[in-house]
Structures are given as C-alpha cells and as structure tokens.
Number of protein chains: 2
Amino acid sequence: MRLSTKGRYGVTAMMDLAIHDGVGPVTLADISQCQGISLSYLEQLFSKLRKHGLVEGVRGPGGGYKLARPAEGITVAEIIAAVDERVDITNCNGNGDCQNGQRCLTHELWTELSNRLYDFLNDITLSQFVSRPGIRELAMQRDEINGRFALAKRQASALRQEAR
Amino acid sequence: MRLSTKGRYGVTAMMDLAIHDGVGPVTLADISQCQGISLSYLEQLFSKLRKHGLVEGVRGPGGGYKLARPAEGITVAEIIAAVDERVDITNCNGNGDCQNGQRCLTHELWTELSNRLYDFLNDITLSQFVSRPGIRELAMQRDEINGRFALAKRQASALRQEAR
DNA sequence: TAAATTCCCTACTAATCTAGTCAGGAATAC
DNA sequence: GTATTCCTGACTAGATTAGTAGGGAATTTA
C-alpha cells in the first residue's frame, strides 16, 4: 500500500465523477480546471483508471468520463491501487528472504499492518461520501459558482426528476 | 497523509526497536543488515525520528537506538508523519481556494477521508504488534538465525528474568 | 590513555518518480 | 465537416528516494 498525491488526485477525481453520477459524463477539462491539475496529466491518470475498469470514456461533444460501476461498488483502495500501480511489493531485498532465507519478523508485522490498512480503505466506497443527503444539491451550487454550467444544468433537471 | 517506502522503513525500524524494548539499544548496523537498507540512509531517517522525540540514541560500544517512550504511546501515524515530513497539506493550488475563493466539494470530501485515515493509523500503536504473547521469544530465535547474537543473548536473559 | 564502537552531521550523487508539455489520432454530436 | 472530447505516445524540468562519502563526538573497554 502506498499513498501519494497521485492517489489523492485519483480519489478526488473519482469523487467528482460519483457526485455527477447519472447526470452525465464529466469532462477532464472540467476536473482539470476545478482541481488545478494539468489536462494531460489527468489523461494519464484516467488511462489507468480506465484500464482498471473503474471509469468509462465517452467521446465526442457532451462526452467525458463516467463511473464504470455503481459508486457503491468502488472502493478507495481500488482507486489508489489503480493509479499508484504498486507491482513492487518489495518487502525485503526483493522477494521475502531477509538474509538467511528467513524473513525478518518486522517484515511480517509490517505486512500485517499493510493488510489492515488495505482492508480499511477497501471498506470505504465512493458512495459513502457522495450519497449523503444534500451533497448533490451542494455540488450543483458549487458547479454554478465554478462555471460548470453544463453540469449544473443537468444536475438540476436530474434533481427535479428525482423530486417527482 | 502520505505513505511511501520511507514511511515503511520508519515503521519497520520502529517495530524492531519495540521488539527489543527493555533489552537494550539496537544498532543501526543491525537494522541495516536485517532490512537491507543502507546504513547512512537509516541514519538520516533516525535523525528525523530523534528530532520528533520518538527515539533516543546511545553512543559508544553497546549503544544504539531505543524508543524514547513506551511502545503503547507511539502510533504508526506519528512515525509516518515524522519521516515523511509532509508540511505541505496542499489541497488546492496552495491554500484552500479552488478558483473563485470557493473550495471544490471534492476537496472537502478528500479532507474528510484523509482525516479518517489519520485517525485509523493514529489508533494503531507499536505495542499492538509487539506485545502479543510469544513475539519476543520468536524475535530471539530470528535474531540468532540472522546473526544478531548480542541482541539474542540480552533478550534471552531478559526473558529468564521475566519468567522468575 | 588508546582504540574500538556507535551515534551524529553535512555535502554530494545516481536513479526514479511527479507533474507537466507537446503533438497527433480516433470517435462522436451537431 | 467541424468542433469536441477521449486516447496515445514521446519527451522534459524538477523533486524525491536511496545511497555514498567523510568527518566528528561521545562512550565503553582493554
């Protein structure tokens, strides 16, 4: 398990998608502007998210990215693993044997901690943050302030439909 | 919150100290050998741990490092914060205002997640790993296998004393 | 007292990662 | 057809990681 700014970018971007889930795709240009990350860098991150089956791209005008699965099924651990791509689980000098074929006890304890951490993050889904009452209304207001009019408009009509 | 290999090195090294707590100081040369990290790099890490009041150095032959406080009072979050030294909590482009003085909603959600993570790690103490029954006996065996005879010897006499 | 051990500190370096730029191509809506 | 948006790959400055090197200070042991 590893957690860098890259992971944070991934998670916040996915939160953005989750907030507007069902409203329509969110463009990277939009996220780029709101989060202050370069567009091309976001494209690289989303390439990974897509390859890991977390998001789907929709091309053409009105396109963007949307969640590939319902927000209830996407965990924070998954997102971080997707963008950080930690193939290297390097505990010892490579593959688990400390010096004499025996792994240091501390390495085992670390593995235990690491697993606990993963389980913790794997228990937190996107929907836990986003599906709280009032969040989508708040998002709509923020979108208007931030000039994301297309999204705000779609959000509004989605909320009206929900109200009926 | 940030979690890199540096943080892992810090935590595993502290676990090593905690296992041998009360037995005597552990030398960096020892940890270096067992964990496969260069000595000088460890010295840099321990410089930070020392400055954050987590460890104490003992100079001269038979010296080394020991925990500055009981293992019950040292949390994983503290250790990671000490070695990673993340002063920069950079949420937005610097200090919290997204574009129009308003912070993006996703940033707030991230902050919430980040706090949850910190609380989680701040609830895990070194003693939770180390003070389980049998761990110190196991450590002694491992130390012998790995050529840490000085430690193993001290550990053994400490255990004998405990048994009385 | 001399020598060995260990912490402690600073400066330098190669390799890797981060975050970004640039340039182009492919699908789609209007 | 044109604008929009995803998608891909190559290249780059700067930061971080992990390690080297060299020296000094405190302490134990002989």
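All chains are named by letter (A, B, ...) in the order of the sequence lines, taking the proteins before the strands, and each is independently numbered beginning at 1.
C:dG20 atom C1' lies 11 Å from atom CG of A:Leu45, rounded to whole Å. Spacing between atom NZ of A:Lys6 and atom C1' of C:dA19 amounts to 9 Å, rounded to whole angstrom units. At whole-Å resolution of the value, CD in A:Gln33 and C1' in D:dT5 are 15 Å apart. Spacing between atom NZ of A:Lys66 and atom P of D:dT5 amounts to 16 Å, rounded to whole angstrom units. Atom NZ of A:Lys48 and atom C1' of D:dG9 are 14 Å apart (whole Å). In this entry the distance linking CG of A:Leu3 with P of C:dC17 reads 17 Å, nearest Å. Spacing between atom CG of A:Leu49 and atom P of D:dC6 amounts to 13 Å, rounded to whole angstrom units.
Partners of B:Val130 by side-chain contact (heavy atoms from CB on, under 4.5 Å), not counting sequence neighbours, listed by chain and number: A:Leu109, B:Ala18, B:Ile19. Not counting sequence neighbours, A:Ser38 has no partner by the side chain to side chain donor-acceptor pair (under 3.5 Å) test.
By the 4.0 Å N-to-carboxylate-O rule, A:Arg69 lies too far from A:Glu56 to be salt-bridged with it. Ion pair A:Arg50/A:Glu43 not flagged as a salt bridge, since none of the NZ, NE, NH1 or NH2 atoms sits closer than 4.0 Å to an Asp/Glu carboxylate oxygen.
Both A:Leu3 and B:Tyr118 belong to a common hydrophobic cluster when Ile, Leu, Val, Met, Phe, Trp and Tyr are linked at side-chain heavy-atom distances under 4.5 angstrom.
With 3.5 Å as the limit, one finds a donor-acceptor pair spanning the side chains of A:Arg116 and B:Gln128.
Contact check, A:Tyr41 against C:dA19: a side-chain N or O comes under 4.0 Å of OP1 or OP2. Close to D:dA18, at under 4.0 Å from its OP1 or OP2, lies a side-chain N or O of B:Thr5. Residue A:Arg2 has no polar side-chain atom (N or O) positioned under 4.0 Å from OP1 or OP2 of D:dT16.
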**Q.** Heavy-atom protein contacts under 4.0 Å, nucleotides 1-11 of chain C, coded B base, S sugar-phosphate only, - none
**A.** ---BBBBBB-B
